[in-house]
Amino acid sequence: MSASTSDKHAGESSGLALDTDLGWAIRMVSSAFRRVATESVADLPGGARAYLVLVALASGEPPSQLALAKAVSLDRTVMTYLLDDLEAHNLVTRRPDPRDRRARQVLLTDAGRTRLNQVRENLAAAEAKLLVDLDEHDALQLRTLLARVAQTAQSSSAAPAETDC
């Protein structure tokens with residue numbers, strides 16, 4: 001191999017390193033976050049999935065079960081079982097949708113809101129440990145950028161593939 005060929009290969013691989021690889025970074029952060037989040041929501045019936053449902057319910061108009069399942073990316077059958085469990089613990093309630101009596105709206109109860117606030121405090125403390133090397137501005141920027149990428153990922157996964165009929 002000539003010196004110029006050797007230099008060319010060195011230049012191509014110089015940008016390759018684990019600490020600059022997006023896949024590696026996402027995997028490491030995801031694994032660490034999953035550990036701390038799982039511990040933070042362990043006493044919540046339904047765990048992390050239930051937390052996402054409660055957050056979605058706390059942020060606006062009561063959605064239908066189907067809309068809620070789509071918002072948190074859960075299969076509607078899984079959503080039904082999860083809501084059954086949350087309702088049994090008085091964290092959510094369901095009622096017929098006044099706009100479509102065949103659909104059911106899901107509402108956060110006062111007990112559910114209280115429990116969500118407790119879990120949020122636990123999760124915030126766990127997140128702070130994970131983000132310890134970031135200042136407040138960087139942590140906010142990371143959250144903002146990740147939310148944008150997550151929204152893109154969710155909308156692209158919701159779109160039918162070209163091979164779908």
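Because only heavy atoms are used, hydrogens play no part in the values below, and waters and symmetry mates are left out as well, while side chains stay in.
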Report task. Mind running side chain to side chain contact (heavy atoms under 4.5 Å, CB included) on L134 and L131 for me, showing each step along the way? Result -> CA-CA 6 Å; L134 302 180; L131 301 177; 3.9 Å; yes

Query raised in the report: Is atom CZ of R104 surrounded by more than 12 heavy atoms (other residues, nucleotides or ligands) closer than 6.0 Å?
Result: yes

**Report entry** Distance in Å, D110 CG paired with L91 CG, rounded so as to fall on 0.5 Å steps
**Finding:** 11.5 Å

Query raised in the report: Which distance, rounded to the nearest 0.5 Å, do you find between the OG1 of T38 and the CG of L44?
Result: 11.5 Å

Report task. Could you check T93 against L108 for side chain to side chain contact (heavy atoms under 4.5 Å, CB included), going step by step and ending with a plain yes or no? Result -> CA-CA 6 Å; T93 187; L108 188 61; over 6 Å; no

Query raised in the report: Where do P45 and L82 come nearest, in terms of heavy atoms and distance?
Result: O-CD1, 4.3 Å

Requested in this report: Could you list all the side-chain hydrogen bond (donor to acceptor under 3.5 Å, both in side chains) pairs where at least one residue sits in residues 25-35, not counting sequence neighbours?
Outcome: S30-R34

Report summary line: Interatomic distance, CE@M28 vs CG@L130, rounded to 0.5 Å, equals 10.5 Å

Requested in this report: Step by step, work out the side chain to side chain contact (heavy atoms under 4.5 Å, CB included) result for V92 and L107.
Outcome: CA-CA 5 Å; V92 303; L107 296 97; over 6 Å; no

Report summary line: Going by chain and number, the hydrophobic cluster around I26 (ILVMFWY, side chain to side chain under 4.5 Å) further includes L22

Report summary line: CG of L57 to CD of Q105, rounded to nearest 0.5 Å, is 10.5 Å

Query - With R99 via salt bridge (charged side-chain N to carboxylate O under 4.0 Å, His left out) - residues at least two apart - result: D97

Report summary line: Rounded to the nearest 0.5 Å, the CD atom of Q151 sits from the CG atom of L146 at a distance of 11.0 Å

Report task. Nearest 0.5 Å please: distance from the CE atom of M79 over to the CG atom of D84. Result -> 11.5 Å

Query - side-chain hydrogen bond (donor to acceptor under 3.5 Å, both in side chains) contacts touching residues 51-75 (sequence neighbours left out) - result: Q65-R94, S73-Q154, D75-T77

Under 3.5 Å, which donor-acceptor pairs do the side chains of residues 116-127 form with other protein atoms, sequence neighbours left out?
from	atom 1	to	atom 2	distance (Å)
N117	ND2	R113	O	3.3
E127	OE1	R143	NH1	3.2
E127	OE1	R143	NH2	2.8

All N/O donor-acceptor pairs, side-chain side in residues 135-142, below 3.5 Å, sequence neighbours left out:
from	atom 1	to	atom 2	distance (Å)
D135	OD1	H137	N	3.1
D135	OD1	D138	N	2.7

Requested in this report: State, to 0.1 Å, how close R101 and P96 come at their nearest heavy-atom pair, and which atoms those are.
Outcome: NH1-CB, 3.8 Å

Query raised in the report: So which heavy atom on D21 is nearest to which on G23, and how close?
Result: OD2-N, 3.1 Å

